[in-house]
Amino acid sequence: MTAATHTTLFPQVPQDADAVLDGLDPEQREVATALHGPVCVLAGAGTGKTRAITHRIAYGVRAGILQPSSVLAVTFTNRAAGEMRGRLRQLGAAGVQARTFHSAALRQLQYFWPKAVGGDLPRLLDRKAQLVADAALRCRLRLDRTELRDVTAEIEWAKVTQTVPTDYPAALAKALREAPRDPAEISQIYAMYEEVKRERDVLDFEDVLLLMVGILQDRHDIAEQVRRQYQHFVVDEYQDVSPLQQRLLELWLGDRDTLCVVGDASQTIYSFTGATPDHLLDFRVRHPHATVVKLVRDYRSTPQVVHLANGILGQARGRAADHRLELVSQREPGPEPAYTAYGDEPAEAEGTARRIRDLIASGTPAAEIAVLYRINAQSEIYEQALADAGVPYQLRGAERFFERQEVREAGAALRGAARFGANDRLLDDVVDLPSQVRAVLSAKGWSSTPPAGSGAARDRWESLAALVRLAEDLARARPDATLADLVAELDERAAAQHAPTVQGVTLASLHAAKGLEWDAVFLVGLTDGMLPITYARTDEQVEEERRLLYVGVTRARRHLSLSWSLSRTPGGRAHREPSRFLTGLRPGTTPVAGRTPAAAGSAGTAAPGAARSRRNRGPVRCRVCGTTLTAAGEMKLMRCEDCPSDMDEALYGRLLDWRSGQARQLGQPDYCVFTEKTLMAIAEAVPSTDAELAAIPGVGIRKLNRFGTDVLAICAGRQLPDGDGED
């Protein structure tokens, strides 16, 4: 090992306080030397915020201004806390406490419990799911595995937002949050869960924060003891604090203002867990004399990547957008971001795999490449494409597709149906492969329409829906394919993807990629309906989706690729649109006049059929952007062709199949039954009554009388009787 190598791996401890400041840029140096009073550091992606705050602590310690044992630095992950401790040791500031909120609170709770309460601290639960299940059973409510995960997540959200069981339904409505089941039932389970915990003398992780808050509020002697111990506080990722964490921080501080917070409102992407940027944005209101430093020099990404990141935030709306930071790249120029439209999803995955293989061949290490997507269910097709291309990969933040519990269960059910299909009542009179798969997987939680909102139930449905789509693809390629053929295909794919891998290309969701960076990043599946996701309905939810894209873009150091597919399957209708967040940023596009991102994002908020009430009452206007419509096809859809669609694609596919069968029976062209535009309008509105169906342009009384019963049955997800034309 050379001396140079040794110095790189084990950097020398700075000789004195001034040496700690060496190598910092002017803004970072301002952060490091601002050691008195409240300090707010607004730090954009890649601007060296961890470097700035660790050097700040080290400078204060080395200058004799801060005592190491009196400093408490808190962040949100054990990895981040460990990195902070390591950097502080290298800077000669060992002894500083760097912990997560939970770790710091638990340490204090263990110490003060005998004095504040008496006896031993109750056992800390590793997982609360079993207790939630027991509580539900006591309420005579049964939760399946995915409902259990979602209800557990709701209880966690309620606790970190300091919401008691009786207030949960009102808090849910105020937060515009979709519950996984009836809010009154969740409130009941939540209350019973708290009772079960008391009976069994156990605590959960949220209790650690709640109890420490309670002790500090009620026992002034203990609060003063904590405040004598810790004189100076540093909070990283401050945009992610929950109301409960903020309350604990306030109690740690007391009436002092020796606090430094670091954050970026434009990277708030965890609001579903209770995180809010309001505390960061209101810091100067609470502390009018605070020192505020903005870090905007981006050392991570090339000017080309930074330009796109700035452009994404430039179209944002809302409070966080009003405080956005304009990044300035400090790196040499690199290649322009690549925008690629593919014909279908398999082509997108294969094209991405080819480009990754070329990057590796040209010298980019596989470990410095990432493929990022919106939801974990998108990983399967990229796992397959990379395996086929011989490119090693690793998943972050999720199991491999074929290792997921719901996929294993579905595979076992399909294998059993393939073996004993003749005796399976589920498959009676079901002939084609996709219908057989739908019938089998319906017993495992698949339905024609996804569950509302996000969460475990939605994740499970997405995985099962991916298997249904695989069956549809196989049947399209091989019309005589059987369940046994599908099972063989699944086994072959699983075997290819389960091959041992060395460290390789990272596959991760955008949420799991936060805090990481790579030389090359591929952002895939960037279509409206995926980013923003269909269940992002309010303006705030849509803006958080935009911030997710911003986080994805800023993970790239040099190479950035953005792609989408125009249809799901080869030969499918090219009806998809690239993400609205790219409009005006990708080549050949300009922002649509008169349409703000918030207006575009409100497409999902209108009740089905609301815009159609204007039919025959003057000009027909787009229900998304408000533009007057003149084209017949657009008037049927009640929106511009390029406005985002909230169409149920699975329903649209079933309507197309049904239309083909009807046309064959009638001996007429397909469009004589319904045009594609009318079917798209039906798939967007999902009517449930004759009146709602009749209000859709292109239906009318005659077609309502002739086809209405079938169409409404298909929209409701019911199987049509034999001979009614649905294949």
Side-chain angles (χ1 to χ4, degrees), residues 38-45 49-50 52-53 57 71-81 83-84 97-109 153 156-163 171 174-175 177 204-214 216-217 226 230 232-254 256-287 290 292-293 295 318-320 323 325 511 514-515 540 543-544 547-548 551:
V39 178
C40 180
V41 183
L42 302 176
K49 67 179 179 63
T50 305
I53 59 175
I57 296 171
V71 180
L72 178 59
V74 288
T75 186
F76 285 83
T77 66
N78 289 321
R79 179 183 64 81
E83 179 185 356
M84 194 177 292
Q97 291 289 318
R99 295 179 175 272
T100 65
F101 269 102
H102 280 92
S103 172
L106 178 59
R107 190 166 181 260
Q108 294 174 19
L109 190 63
E156 291 173 351
W157 174 82
K159 297 183 77 167
V160 301
T161 55
Q162 299 177 280
T163 302
K174 184 178 179 181
R177 187 180 179 93
D204 61 28
F205 277 97
E206 290 72 41
D207 289 332
V208 171
L209 301 184
L210 284 164
L211 287 168
M212 201 60 225
V213 164
L216 294 175
Q217 287 179 159
V226 171
Y230 295 114
H232 198 95
F233 297 86
V234 178
V235 184
D236 192 14
E237 302 287 0
Y238 192 54
Q239 78 278 354
D240 288 333
V241 295
S242 68
L244 179 56
Q245 290 164 334
Q246 175 64 20
R247 181 58 185 145
L248 178 60
L249 178 62
E250 291 168 354
L251 289 165
W252 281 341
L253 273 166
R256 300 167 298 174
D257 61 3
T258 50
L259 171 66
C260 174
V261 300
V262 188
D264 179 8
S266 296
Q267 296 188 68
T268 305
I269 59 173
Y270 299 112
S271 65
F272 57 89
T273 67
T276 170
D278 289 344
H279 306 299
L280 174 66
L281 299 178
D282 291 338
F283 190 84
R284 283 169 287 185
V285 176
R286 298 194 307 275
H287 304 282
V292 179
V293 184
L295 301 183
R319 192 166 183 231
H323 294 78
L325 299 170
H511 282 104
K514 177 73 165 63
E540 288 183 4
E543 286 306 309
E544 184 154 333
R547 294 195 293 271
L548 259 182
V551 167

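When reading the values below, keep in mind they use all heavy atoms of this one structure, side chains included, and skip hydrogens, waters and symmetry mates.
Atom CD of Gln162 and atom CZ of Arg247 lie 8.0 Å apart (nearest 0.5 Å). To the nearest 0.5 Å, the span separating CD on Gln245 from CZ on Phe76 amounts to 4.5 Å. A distance of 10.5 Å separates NE2 in His287 from CG in Asp282, rounded to the nearest 0.5 Å. Interatomic distance, CG of Leu42 versus NE2 of His323, reported as 8.5 Å (0.5 Å rounding). Atom CD of Gln108 is separated from atom CG of Leu211 by 13.0 Å, given to the nearest 0.5 angstrom. Between Thr77 atom OG1 and His102 atom NE2 the span is 13.0 Å, to the nearest 0.5 Å.
The closest side-chain heavy-atom distance from Glu237 to Gln267 is not below 4.5 Å. Side-chain contact check for Val226 versus Trp252: some heavy-atom pair is nearer than 4.5 Å. The shortest distance between side-chain heavy atoms of Leu244 and Lys159 does not fall below 4.5 Å. Using a 4.5 Å heavy-atom threshold, the side chains of Glu250 and Gln246 count as touching. Leu249 places a side-chain heavy atom less than 4.5 Å from the side chain of Leu259. A heavy-atom distance below 4.5 Å is not found between the side chains of Thr268 and Thr276. With a 4.5 Å cut-off on side-chain heavy atoms, Glu156 and Phe205 do not count as touching.
Of the residues Val208, Leu106, Val74, Thr75, the one that meets the side-chain contact (heavy atoms from CB on, under 4.5 Å) test with Phe101 is Val74.
Between Tyr238 and His279, the angle of the ring planes lies from 30° to 60°, which puts this pair in the tilted group. Aromatic ring orientation, Tyr270 versus His511: tilted (interplanar angle from 30° to 60°).
The two residues Val160 and Gly274 have their closest heavy-atom pair at CG2-CA, 4.2 Å. In this structure, Ser271 and Glu544 approach most closely via the heavy-atom pair OG-OE1, 2.5 Å. Between Leu280 and Gly263, the closest heavy-atom pair is CD2-C, 3.7 Å. Between Leu325 and Gly44, the shortest heavy-atom distance links the atoms CD1-N, 3.3 Å.
Using a distance-only test at 3.5 Å, with no hydrogens or angles considered, a donor-acceptor pair links the side chain of Gln239 to the main chain of Asp264.
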